[in-house]
Structures are given as structure tokens and as C-alpha cells.
Amino acid sequence: MKPEDGVFVRASDPGQGMATLPQVARVAGVSTATAARALGGYGSVRPSTREKVVDAAERLGYRPNGLARSMITGSTKTLGVVLSDIENPFFSRALRGVSDIAHAHGYEVLLVNTDEDLAVEQNAVRVLMEKRVDGLVVSPSEGADSTHLAGVIASGTPVVLLDRRIPRLAADTVGIDNRAAARDVTERLLALGHRRIGLVTGAPPAAAALLHGHGLPGVEKVIGSTAGLRAAGYRDALVAAGLTPDQGYVSAEGFRRQDAAAATKRLMSLAQPPTAFIALDSLLSLGVLEALSGLGVRCPQEVSVIGFDDADWAEAVSPPLTVVNQPVHEIGAEACRRLLARIAGDSRRALHRKLSTTFVQRGSTGPPPQ
Amino acid sequence: MPTGSPPRGATILDVAAGAGVSRATAARALGGYGSVSPAAREKVLAAAGVLSYRANGVARSMITGRTMTLGVIVGDIENDFFARLVRGFTDVARAEGFDTVLASTDERVDNERSAVRVFLERRVDGLMVAPASMRDRDHLVTARDSGARLLVVDRRMPRLGVDAVLLDNVAAAQEAVQQLVAAGHRRIGLLTGVGAGHDVVAGETVVSTSTDRLEGYRRALSDGGLQFDPGYVMAGDFHLHAARARTVTLLSRTDRPTAVFATDSVLTLGVLLGLRDVGLSCPEDVSVVGFDDPDWASVVTPPLSVMAQPVYELGATAARRLIARVRGNASRPTTQILRASWRGRKSVTTPHARRDVRLTR
């Protein structure tokens, strides 16, 4: 930068990056290994050499190097968090829970969004392991192959699953009792008199084929995660009420808001459209509400809606949305506590923590039209 | 994995031993640099496969001086705005081979200071910060002077002399308030963030976006020949319930405003809930204009008219700029200014002769 431009005198130029250990070593006239020992305060270094190295480090504006420390301690004090989409309020709040605990314990958080794409997830896990994270919190893709996670666990790095459980994977899980929560809201709609209830799962279209068994038998196993368990709870409630679940009312058309809107429009165009919808997260709920409003369908007079997750806006829509509230921040925080316990050497069998949900009755549910 | 294997996985020494070559040869074969005979490379890769060896990114970073990691420090990752900003940033970073470490400061300068220190010690290749206060810059100056690649996003930091990716906040707020003035409103309330009050006290944090949006509000009033009344400016923190309470206070005035402009999406939601608390309707009793266009803005009743920031693009632009710096671009620091756009929906109407509404609170 020319002096007349400006303005700023720097110890080193921007864009050059911070001084590195080899640079410090060069200026001090010692080997990199010696400089590392001198700055790390370990191993034997002559006092005069140490002084030279410290001088050089100061002159170059060298900062203590967390990487060097990691090489010695074998811990990077970093956790990887792999989730679907930070823009979904469930995940941003859970991430907040994870980071609050992580930071309180001196850990940093590396974030990866997967958009429910297995290939992205596998690649992210590989990169995070190369970066030697001390542990992973993962919200695995729906119905995913989990061999990459099994590999991580086998190599000695703990994994905690957020929200979703993968059968036979030796990882702690933290979430809610998905099956019971879905059964509960379905029973509430049945009690109001609803018989045709649309379930917008957010699962990928690939999972739709798995949902096609008449009466949804074994749905909890075929999807093997949140959507499957909640579909099972939905089925359980219908069966207990003497109804035959109709898979035609169960949508697996993608996790985005616009996917949910499209699914709602499609279901509402059936000869016998649903009189109620259950949406499995707050973005899906927005999609359902948007579609109903676009179709001119009044809620709850014509169609009732219950959403999972109590987003900030749930109270501000008209009518205010009836929801199942998950303790999302606490799910993230507890996942992080479990992970830190595993990193600290807790070697018990995998634990599955189910936190309790609360039903928040607002204005979007009522009896079906006569 | 055989039992008795080291808990942190095989090391390069294990691989070298398994392949019957030197450590240096194994390192060259796995790193894909230097010369290695094809036969030796094959032996090394086979041994690495058998031992489930993973490349050690930490060791590689020590050698290359790059961690392929970028740091992001924002106010609160739960806020719609920051969540989308971070999404834009991480999408670009990921496509370019970088990971992102993330910290939320809760808008506290001490948290920001410590996050900057920790991230630089961890040798992030570049750092994006949305500064919690324009007044507290020492830690950023220190970071800049130590050669860190630093970028500020969303919020200005005057005279810091680093790259910045910002919104044209004064113009955006001015245009938003002009919409209300044009609809005939004469008493317009402002719900905004910290440091925008007319009586900012020493030591208080000052968020530049709040300051700049206040300036835009004042200009729009002045353009419309309206008097600025500090009593209509409700500044405070960015939490939903606090914004809701400020709205109730504002609307409980006898000369309550006929329109409210809120300078962030959480504040806007607070306004909608506050309206409900006092039993007023939008837009019949009070018109509302929001800032940012969160997912719910078009679904609330009435659908909300907003000044939409290109939030994702702010994050993506910042990531591109920072990565260019990491890759050696050493040109003068630049400030990139993005523009907001008006999305008129149903929450603004002309002020009615005041209905005789009895406030419920």
C-alpha cells in the first residue's frame, strides 16, 4: 500500500496471512522444531535460543498456534456439527444449544449444512475427520446409509445424533419421543372428529416408495428415522381408533417450504381431501399454511393444522398455530454435553435421551366441517 | 478395525511401517507431492487402506500454513437474518473447499473479543465479523495488524480499513419510511436496535445498522416535511419479547403512531405481537413495514410489506471476497454495498380517521 493511499501502517501486509512458525524459526535462525518447542514451552531448549525465538515471534506478530498445540495434545478442541439446513429454525436453535455448551467448555464448532444430501454428508464427515475434530454432532440425512458414521465411531471419535436415531449405530442420540408425539397430535385431531388427516413429513421423494405399503406397516423401520417414527405414531393412533391408515395422505415430497406447499395443494385436490394436516417442522407448517391460504381454504373452519416446533412466528399468524413444542435448544445442549462426556472417556453403551414435548393449543385446530 | 488399534486412528508412522517404507516416502505418497515410485505408492495406499488411515489435516496445515477454515462471528445464529447470512457464506466456502467455524456473541463485545482471539489462535484462514458495536474496535485493529484476513459484514466499522460487505442502510430505511409517508402517515414509530436512541450513553454498544436506519428514517421524515419526534423512536435489544414490550409502550401513547417501521425481522414480529397485545389491527389501525423478508412474512395476516435485504447474497459475497484474500489478492480493502428492495404486500394502508379503539392493556 502506498503511503499516500492511506492510511494504515501494518506490522505485516494484509493478504499475507499471519506469521507462521517456519517464518519465526527462520528469523530466529533455528529449526522449526526448536521454535515449536521454545514457543510451546515443552521439551528442552537453551534459554538463549528461547529468547531469540520469542523475540522473533514478537517482531513478526506471531500468535500462539492452536494447531501446534493440537499436534502435541492430540485434541483440536473443535466439534463438527453436521445438520440439514441452518435456515430451518429447528436447526439454528439446536446449533445454538450445541455452541452454548461447547463454548462454555472451550470448544469451537465447525458447521456443515447437508440439505439432506447423503453424498454431501459423507464428504463433510470425511473432511471434518481429516481436520481432527474431537467429536461430531450429526443430524443424519433421512434414511441414510450410515457406514461413514460407523467408521468414525470405530476410529475412536465419538458421534452424537441429533433428533434422529440410526438403528444399530453405537451413537448416543438426543431428541424427543417422535412416535409418541405424533401419536398424541393425531389422537387430538381424531378426538375433534377428523378422519382424513394429511401428514406432511418432509422426507425425500425417494422415501415415498417406502411409505406405500397399505396401512403403513413397518413404516418406523423402513425410513428408520424421524419421519418414519412420526409416521408410525400417526398410524398407531389411526389403528387404535379402528381406522385403516391410507398412505395416500402421507406425503414425502421434500423438506423445503415450497415442497410442503406443493404437497398440500396436491392433497387438497384429492376427491376426498384431508380435513386436517400435521406438518413435521415449522418450515413445512409455513408451506401448508401458505398453500391453504392460496387455495382460499379457511383454517380452522375448513381445515385444521398442527405443526411440530414452536417457531417465533407461530403466534403471529392468523389463526395462531397450534403446535407441538420440542425443547430444541436443550436438545442441542444435551447432545453437546453427551459428546463432551464421550470425549472425556465415558464408554458406557449408547444412550438414547428423549426429552419431553409440550402441546400448545392455539387457534388452528377445530372440528371438521359438517 | 482390529482391537488394540490406537484410539485416534492410524498414524503415518503406522502406514509407513505397514508398507515397509520410510515415513517421508509414506508422507509423499499420501500427500501426492514429491517423487515416489509407483510401486511404493501402491504399497503405501494399500497399507493406508488396511489401517483406515485418514490424512491429518492438522499436520498438513502446519506445513502449508493453511487450515482451509474460515471463522464467522455474528450476533445470534438463531436470528433469521444471521442464519441466512451464514448459509450464504458457508455455501460459497464449502464449494471452494473451506469449512466454517461459527460463534454467536449475543451482541456482546467481550464475547466477540474472545472469539476473535480464539479463532486467530486456531489459525482460521480468514475471519468475517458482524461487529457488535461500532465503538469497540481495538480487538479488530489488533487482528488486522497481525496480518489476519478480516472482513466486516452487515455493520460498518469506520476507519478500520478492511474489506466490508454492507447494505445501503440509510437509503433502504429512507425508502421504507417514504412508503409510509406517501401513504399519508404523519406519526410514524420506529422500532430499532441498540445504539439508535437519540441519547446514546457513553459505553453503550452501537450497532451501525441501527444508527444508519435511524438516519434513513429521519431523512424520510424530513423529505416529507415531518417533524422528528424522539418519543417515537423505540430503541433496545433484538429480543422478541423486549420488542413486543416496546411496541406496547409505543402504542399506548395517546398520540400513538398510525404506522410503525421495524428495522429487523425479530423486531417486526415483536411489533405484530405487540399490536395483538393492545388489541389493534394491522393495517386498519396501524400500518407496519418490516426490514428483511423472513419466510413467515408472506404468511402472517396481513402479509407483510418489507424492505428486503439480499441476506444470502451478503454472506455469499463476503465469503467470495475473503477467499480471494486467502488466495493472495492483496489489493486495497474494498467496501461492497448491496441494495435492498421494496416488497409491497398488505400491511400498509392510508391512515383512517382514528377508530375509537379501546386498548386491551
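Below, read A as the first sequence line, B as the second, and so on, with proteins coming before strands; counting in each chain starts at 1.
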Practice item. Go through B:L102 and A:L95 one step at a time and tell me if the side chain to side chain contact (heavy atoms under 4.5 Å, CB included) criterion holds. Key: CA-CA 10 Å; B:L102 191 63; A:L95 172 63; 3.6 Å; yes

Practice item. Just do the side chain to side chain contact (heavy atoms under 4.5 Å, CB included) check on B:D295 and A:L283 with the steps written out, would you? Key: CA-CA 8 Å; B:D295 280 319; A:L283 283 185; 3.4 Å; yes

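Within 6.0 Å of CZ in B:R327 there are more than 12 heavy atoms belonging to other residues, nucleotides or ligands.
The existence of a salt bridge linking A:R96 and B:D106 is confirmed by a sub-4.0 Å separation between a basic side-chain nitrogen and an acidic carboxylate oxygen. Using a 4.0 Å cut-off between charged nitrogen and carboxylate oxygen, B:R244 and A:E315 count as a salt-bridge pair. Between A:E87 and B:R87 no salt bridge is recorded (no basic side-chain N to carboxylate O distance below 4.0 Å).
Note: B:D76 leads B:D80, B:D76, B:V72, B:T90 in heavy-atom pairs under 4.5 Å with chain A. With respect to chain A, the highest number of heavy-atom pairs below 4.5 Å among B:A93, B:P294, B:S104 belongs to B:S104. The greatest number of non-hydrogen atom pairs below 4.5 Å with chain B, out of A:E290, A:R257, A:R126, is found for A:R257. Considering only heavy-atom pairs separated by less than 4.5 Å from chain B, the leading option among A:L289, A:I86, A:V81 is A:I86. Your options are A:V127, A:D100, A:L128, A:V109, and the one with the most heavy-atom pairs under 4.5 Å with chain B is A:V109.
Using a 4.5 Å cut-off between heavy atoms, A:D115 contacts chain B through its side chain alone, with no backbone atom that close. Using a 4.5 Å cut-off between heavy atoms, B:R84 contacts chain A through both its backbone and its side chain. For A:V288, no part sits under 4.5 Å from any heavy atom of chain B, backbone or side chain. Using a 4.5 Å cut-off between heavy atoms, B:V118 touches chain A through its side chain atoms alone. Contact of A:A311 with chain B is not made at all, since no heavy-atom distance falls under 4.5 Å. Only the side chain of B:L240 comes within contact range of chain A, judged by heavy atoms closer than 4.5 Å. Both the backbone and the side chain of B:T142 come within contact range of chain A, with heavy atoms under 4.5 Å apart. Only the side chain of B:L273 comes within contact range of chain A, with at least one heavy atom under 4.5 Å from a heavy atom of that chain. Of the atoms belonging to A:R93, heavy atoms from both backbone and side chain fall under 4.5 Å from chain B. Residue B:F119 touches chain A through its side chain alone, counting heavy-atom pairs closer than 4.5 Å. Proximity to chain A (any heavy atom under 4.5 Å) is shown, for B:A103, by both the backbone and the side chain.
Proximity of B:T100 to A:L110: side-chain heavy atoms (C-beta onward) are nowhere separated by under 4.5 Å. At least one side-chain heavy atom of B:D99 sits less than 4.5 Å from a side-chain heavy atom of A:V112. Between A:L286 and B:W296, the closest side-chain pair of non-hydrogen atoms falls below 4.5 Å. Contact check for A:P320 versus B:R276: side-chain heavy atoms found under the 4.5 Å cut-off.
Between the CD atom in B:E78 and the CG atom in A:D312 there is a gap of 7.5 Å [rounded to 0.5 Å]. Taking OG from B:S114 and NE2 from A:H103, the interatomic distance works out to 8.5 Å, rounded to the nearest 0.5 Å. Between the CZ atom of B:R94 and the CG atom of A:N123 there is a distance of 6.0 Å, given to the nearest 0.5 Å. Atom OG in A:S92 sits 9.0 Å away from atom CG in B:N79 (nearest 0.5 Å).
The minimum heavy-atom distance linking B:T67 with A:K131 is given by the pair O-NZ, 3.2 Å.
For the residue pair A:T78 and B:R122, a side-chain donor N or O sits within less than 3.5 Å of a side-chain acceptor on the partner.
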